Amino acid sequence: MIPVITIDGPTASGKGTVASRVAEALGFALLDSGALYRLTALSAIEAGVALDDAAAIAALARTLPVRFEGERILLGGRSVQDAIRQEAIGNAASKIAALPAVRTALVELQHGFRRPPGLVADGRDMGTVIFPDATLKVFLTASVQARADRRYKQLIDKGFPANMLALLQDLKERDARDTERAVAPLKPAEGAYLLDTSELTIEQSVAQVLDWWHHRAGTLGK
Ligand code: CDP
């Protein structure tokens, strides 16, 4: 069986960075499942589809013309890895992610990322819904303030405008939507290792996950 490490957690908890460094350290493939929701949201907005039109958005999700090439994400041949990081797209992604038909439409695409020698999957429901048989499940958290600080820095670094008060408000709304939705709500999977990264550097967080992984892999005789 191809091993999977799932890293779930709330917005701006540092999942993305930790997941990509863990994948790199182990030579594993990486699934940024949030990018799929963001790509779907971008496609919907560009096609002028209303964000509550579940059937139309699910159809877009099922046929996303997406290609991942290292850091680049191509949508119909166009580089969109920066465009999908805008707050407006993140907010739209969080809205369409609450639609059950959209989540179902993205399942197969996500399973396709499981390739030898292994996969690190980052998202909200990787350990609970998409890869329930994962070898190691991690749930990353951080305080709201730590997450707002990180998101602020991320946006400024990418040259996007950012306002701290608006970001804090956004984070709280997104947390509420992610944890309260009926389908695949954000919660730690059974058996998940909890990691609060508020006071940890990225290196410390990555080292902890790798430590758990080597321990799990050792236990399983790999
Ligand atoms: O960067 P941030 O953590 O805010 O977002 P993301 O991981 O790129 O995901 C964008 C949105 O997609 C999130 O706000 C979630 O609502 C949604 N999402 C989801 O529902 N399930 C996933 N597995 C991944 C993301």
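Just so you know, ligand 1 is whichever comes first in the structure, and atom 1 is the first atom listed for that ligand. Numbers for residues simply follow the sequence, beginning at 1. All values reported here derive from a predicted model rather than from experimental measurement.
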*Should K158 and Q86 count as side-chain neighbours, where that means a heavy-atom distance under 4.5 Å?*
no
*Do D122 and ligand 1 have an N or O pair less than 3.5 Å apart?*
no
*Do D125 side-chain atoms and T128 backbone N/O form a donor-acceptor pair below 3.5 Å?*
no
*Please report which non-hydrogen protein atom sits nearest to atom 13 (C) of ligand 1, along with the residue it belongs to and the distance in Å to one decimal place.*
R124 NH2, 3.2 Å
*Give the numbers and elements of all ligand 1 atoms closer than 4.0 Å to a heavy atom of R85.*
8 (O)
*Answer yes when E190 and K137 have at least one side-chain N-carboxylate O distance shorter than 4.0 Å, and no when they do not.*
no
*Among protein heavy atoms, which sits nearest to atom 1 (O) of ligand 1, and what does the distance come to when rounded to 0.1 Å?*
R151 NH2, 2.9 Å
*Should the pair R38-D32 be classified as a salt bridge under the 4.0 Å nitrogen-to-oxygen rule?*
no
*For atom 2 (P) of ligand 1, which protein heavy atom lies nearest, and how many Å away is it?*
T11 OG1, 3.4 Å
*Under 4.0 Å between a Lys/Arg side-chain N and an Asp/Glu carboxylate O for K95 and E173?*
no
_Nitrogen or oxygen atoms of R103 and ligand 1 under 3.5 Å apart_ = yes
*Using heavy-atom distances, let me know which of D125, I130, I96, D175 sits nearest atom 23 (N) of ligand 1.*
D125
*What is the closest protein heavy atom to atom 25 (C) of ligand 1, and at what distance does it sit?*
G34 CA, 3.6 Å
*Select one of side chain, backbone, both or neither to describe which atoms of R150 lie under 4.0 Å from any atom of ligand 1, heavy atoms only.*
neither
*Going by heavy atoms, is M126 under 4.0 Å from ligand 1?*
yes
*Starting from atom 16 (O) of ligand 1, locate the nearest protein heavy atom and write down its residue, its atom name and how far away it is, to 0.1 Å.*
D178 OD1, 2.6 Å
*Would you please say whether a donor-acceptor pair under 3.5 Å links the side chains of S79 and R72?*
yes
*Give a yes/no verdict on whether any heavy atom in Q110 is under 4.0 Å from an atom of ligand 1.*
no
*What do we get for A12 next to ligand 1 when only non-hydrogen atoms under 4.0 Å count, side chain, backbone, both or neither?*
backbone
*Under 4.0 Å from a heavy atom of K15: give me the atoms of ligand 1 that qualify, with their elements.*
3 (O), 7 (O)
_Under a 4.0 Å threshold between the charged nitrogen and the carboxylate oxygen, would R151 count as salt-bridged to E87?_
yes
*Please list, chain by chain and in numerical order, all residues satisfying ring pair (Phe, Tyr, Trp, His ring centres under 6.0 Å) with Y152, sequence neighbours excluded.*
none
*For atom 17 (C) of ligand 1, closest protein heavy-atom neighbour*: A97 CB, 3.6 Å
_Just to confirm my output: which protein heavy-atom neighbour is closest to atom 12 (O) of ligand 1, and how far is it?_
Y37 CB, 3.5 Å
*Numbering the atoms of ligand 1 from 1, which are under 4.0 Å from a heavy atom of R181?*
16 (O), 19 (C), 20 (O), 21 (N)
_Is the contact between R177 and ligand 1 made by the side chain, the backbone, both, or neither, using heavy atoms and a 4.0 Å cut-off?_
neither
*Between W212 and Y193, how do the two ring planes meet: parallel, tilted or perpendicular, split at 30° and 60°?*
tilted
*Can you establish whether the number of heavy atoms outside E203 located under 6.0 Å from its atom CD is more than 12?*
yes
*Do NZ/NE/NH1/NH2 and the carboxylate oxygens of K153 and D157 come within less than 4.0 Å?*
yes
*If you measure from each heavy atom of K95 to ligand 1, is any distance below 4.0 Å?*
no
_Taking D8 first and then R124, would you say they form a salt bridge - that is, a charged N and a carboxylate O separated by under 4.0 Å?_
no
*In the protein, which heavy atom is nearest to atom 8 (O) of ligand 1, and how far is it?*
R38 NE, 2.6 Å
